[in-house]
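Everything below concerns the one structure shown next.
Below, read A as the first sequence line, B as the second, and so on, with proteins coming before strands; counting in each chain starts at 1.
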Amino acid sequence: MQFRAVKGTNDILPDEVRRWQRVEQTFRSAMALAGFSEVRTPILEHKNLFVRSTGETSEIVEKQMFELTRGDDVLVLRPEGTPGAARAYLTNSVQAQEPVSRWYYIGAMFRAEQPQRGRYRQFHQAGCELYGDPSPTCDAEFLDLLHGFLKSLGIIDVTVAVNSIGGLESRAAYRQALTDHLRPRAETLSDHAKRRLEDNPLRILDSKDPRDRAAVADAPSILDSLNDEDRAHWAAVLRGLDALGTPYTVSPGLVRGLDYYTRTVFEIQSSMGGLGSQNTLIAGGRYDNLLKSLGGPPIPAVGCGMGLERILLALGETPVARPAVCFIAPLGERATLSGLLLARELRERGVVSVLDARGNSMKSMLRRADGLDARVCIVIGETEVDQCQVQIKDLAAHTQEQAARVDAAARVLEIFATPPALGSNH
RNA sequence: GUGGGUGUAGCUCAGUGGUAGAGCACUGGAUUGUGGCUCCGGUUGUCGCGGGUUCGAUCCCCGUCACUCACCCCA
């Protein structure tokens with residue numbers, strides 16, 4: 001075969017799409033119940049949007065963006081959803097139309113990484129964004145919403161890790177404290193961490209290198225550097241989670257890879273589905289400075305993104321049943337034309353119907369009906385056409401009846417309305 | 001960017017220095033027009049690609065590409 005899918009991209013075939021749709025529908029309804037509305041923004045954005053939001057020193061911006069140039073424009077395929085949504089919010093002055101906006105999105109994201117299980121170059125995220133509400137209450141609500149969403153999918157083995165990285169002031173103070181702590185130990189750090197010491201020392205906290213872990217083990221906690229406002233916000237978030245009974249783990253080392261976070265940050269991880277170290281299903285936090293830094297008004301925001309591939313992996317192989325179908329097996333051209341009409345009649349009445357016009361043997365057609373898990377099969381041969389009749393076969397019950405052609409659709413409707421006989425299909 | 005593993009039929013895989021097999025799937029028949037079980041038959045392969053060793057390579061060697069897993073990073 002000459003062509004294959006581009007490295008790190010995947011074809012999602014119909015049986016698999018059914019599993020995706022189940023997750024997406026669950027997400028949509030969870031979001032809708034909490035007053036979130038879907039937003040759709042372009043996949044293509046200006047590169048600078050991500051440089052200024054996701055962060056110049058973030059791995060994503062440094063080396064993972066698919067870049068395209070067109071004339072003087074430098075565009076990229078979006079590597080994550082938050083900046084585009086924020087940009088759309090500002091571009092359309094949504095803050096002038098309503099004080100608080102609750103948005104969600106589902107879509108493809110792109111990062112030029114080395115693919116592996118749970119990590120792809122084209123992957124899909126669902127995410128939600130809440131603009132205009134600075135209160136810690138909505139941080140807690142958010143976390144609970146996400147936890148509940150996973151629970152409703154059956155993903156119960158999760159860890160909700162939360163932390164606060166403070167606002168700009170607290171973070172600057174902590175950055176100083178951490179740098180003071182690490183400087184004397186700089187020689188023992190990994191090469192990567194040595195660089196980070198200058199441009200983004202907080203990121204050293206979640207390094208997995210044993211040398212870095214050792215250096216960081218007795219480092220001061222960021223939670224001790226929070227100023228009064230940040231501390232009060234953090235305490236209120238935890239009170240909210242406690243009130244909701246949402247399980248959580250405070251993780252002072254959790255700092256997240258993106259620059260725009262302030263105060264609350266979180267990750268929801270699951271060990272289900274053999275995800276290995278790509279086990280973060282949902283990640284997010286508060287970004288009260290993002291809109292301002294993109295040139296907009298100082299509107300606070302909270303948001304998150306979740307990797308749909310990872311959620312599907314955590315879910316494991318759970319096939320989703322195909323819809324019940326009425327299969328039509330005609331023999332000969334006259335019967336095929338009659339079947340064609342019948343298929344349309346059935347569809348007009350809301351019954352999924354599939355006509356087999358291949359001209360194969362009855363055995364072959366019935367095997368195909370089986371393969372489709374058809375509820376009933378209508379057999380039409382020369383005799384039936386002559387007599388204006390059809391054979392209606394209940395595939396689960398192993399029964400067959402003759403019906404007048406004019407009554408066929410109504411009769412099929414009746415059969416579809418009754419549950420199939422249990423345990424009789426063998 | 002770094003390391004490991006794997007590339008044989010549509011799928012899952014076996015296999016041997018003398019140019020290839022099974023199961024599944026598909027299909028015809030047993031049942032002159034009736035499925036899931038059974039039985040019989042049939043279709044499908046540049047054995048990833050290039051080079052080397054050899055009388056001869058799918059098998060051994062080198063290279064390369066792809067896929068995959070892991071590190072890194074992240075959803």
Side-chain angles (χ1 to χ4, degrees), chain A residues 1-10 13 54 57-64 78-82 106-127 146 190-193 196 200 203 206-209 212 254-258 266-270 274-284 303-314 327 329-332 335 356 358-374 376-385 391-400 424-426:
Chain A
M1 185 34 140
Q2 197 174 3
F3 294 107
R4 70 185 82 229
V6 169
K7 186 191 193 72
T9 68
N10 295 104
L13 269 22
T54 308
T57 62
S58 68
E59 197 95 5
I60 293 175
V61 169
E62 272 183 353
K63 44 192 178 191
Q64 296 181 351
R78 62 183 181 193
E80 56 147 341
T82 293
I106 300 177
M109 309 291 161
F110 302 83
R111 293 183 198 172
E113 300 185 89
Q114 207 52 245
Q116 70 182 75
R117 186 177 181 81
R119 193 178 72 183
Y120 309 99
R121 289 189 166 184
Q122 175 176 335
F123 62 107
H124 300 80
Q125 282 192 341
L146 298 169
S190 66
D191 292 344
H192 190 70
R196 287 299 185 207
N200 204 341
R203 296 289 307 287
D206 55 17
S207 167
K208 284 174 206 143
D209 191 297
D212 301 337
L254 177 64
V255 292
R256 309 287 306 117
L258 315 180
F266 60 83
E267 276 184 14
I268 302 182
Q269 296 155 343
S270 171
L275 276 163
S277 61
Q278 320 297 321
N279 64 345
T280 300
L281 263 28
I282 306 180
C304 73
M306 63 188 78
L308 295 182
E309 282 84 355
R310 289 186 187 176
I311 286 174
L312 268 307
L313 283 168
F327 193 82
L331 287 162
D356 193 332
R358 295 176 301 165
N360 282 11
S361 68
M362 182 53 54
K363 175 189 236 172
S364 170
M365 289 193 284
L366 279 166
R367 271 207 291 248
R368 185 173 160 213
D370 257 335
L372 292 172
D373 291 325
V376 311
C377 178
I378 295 185
V379 173
I380 314 174
E382 293 292 326
T383 324
E384 283 76 15
V385 175
Q391 302 291 336
I392 300 179
K393 209 173 165 57
D394 185 324
L395 290 168
H398 298 265
T399 56
Q400 180 166 321
S424 62
N425 48 333
H426 270 294

Whole-angstrom distance between B/rU68 and B/rU12, as gauged at atom P = 12 Å

Side-chain donor or acceptor of A/Gln391 under 3.5 Å from a matching atom on the base of B/rU34?
-> no

If we take the C1' atom in both B/rC67 and B/rC37, what is their distance in whole Å?
-> 38 Å

Pairwise P distance for B/rC40 and B/rG56, with rounding to whole Å = 42 Å

For nucleotides B/rG51 and B/rC13, find the distance between their C1' atoms and express it as a whole number of Å.
-> 29 Å

Does B/rA70 have OP1 or OP2 sitting under 4.0 Å from an N or O in the side chain of A/Gln116?
-> yes

Look at the side chain of A/Glu62 and the base of B/rC73, then say whether one donor and one acceptor between them are separated by less than 3.5 Å.
-> no

Taking only N and O in the side chain of A/Ser361, is any of them less than 4.0 Å away from OP1 or OP2 of B/rG28?
-> yes

5′-ward residue of the pair A/Ile60/A/Asn10 relative to RNA chain B = A/Asn10

Kindly write out the residues that satisfy side chain to side chain donor-acceptor pair (under 3.5 Å) with A/Lys63, not counting sequence neighbours, or none if the list is empty.
-> A/Glu59

Go along nucleotides 1-11 of chain B 5' to 3' and tag each nucleotide: B for a protein heavy atom under 4.0 Å from its base, S when only backbone or sugar atoms are that close, - otherwise.
-> BB---------

Taking the side chain of A/Gln64 as its heavy atoms from C-beta onward, which of B/rG33, B/rG35, B/rC73 lies nearest to it?
-> B/rC73

Among B/rG35, B/rC73, B/rG28, which is the nearest nucleotide to the side chain of A/Ser364?
-> B/rG28

Pairs involving residues 106-117 of chain A, ordered by first then second residue, that meet salt bridge (Lys or Arg N to Asp or Glu O under 4.0 Å) (sequence neighbours left out) | A/Glu113-A/Arg119

Mind checking the P distance from B/rU34 to B/rG42? Whole angstroms is fine.
-> 23 Å

Which nucleotides of nucleotides 38-45 of chain B have their base under 4.0 Å from a protein heavy atom (B), which only their sugar-phosphate (S), and which neither (-), written as one string 5' to 3'?
-> --------

Mind checking what makes salt bridge (charged side-chain N to carboxylate O under 4.0 Å, His left out) contact with A/Arg121, not counting sequence neighbours?
-> none

Residues in side chain to side chain contact (heavy atoms under 4.5 Å, CB included) with A/Ala112, at least two apart?
-> A/Phe66

Does A/Arg368 have a side-chain nitrogen or oxygen under 4.0 Å from the phosphate oxygens OP1 or OP2 of B/rC26?
-> no

Per the atom types in the model, does the base of B/rA75 pair as donor or acceptor with the side chain of A/Arg111 at under 3.5 Å?
-> yes

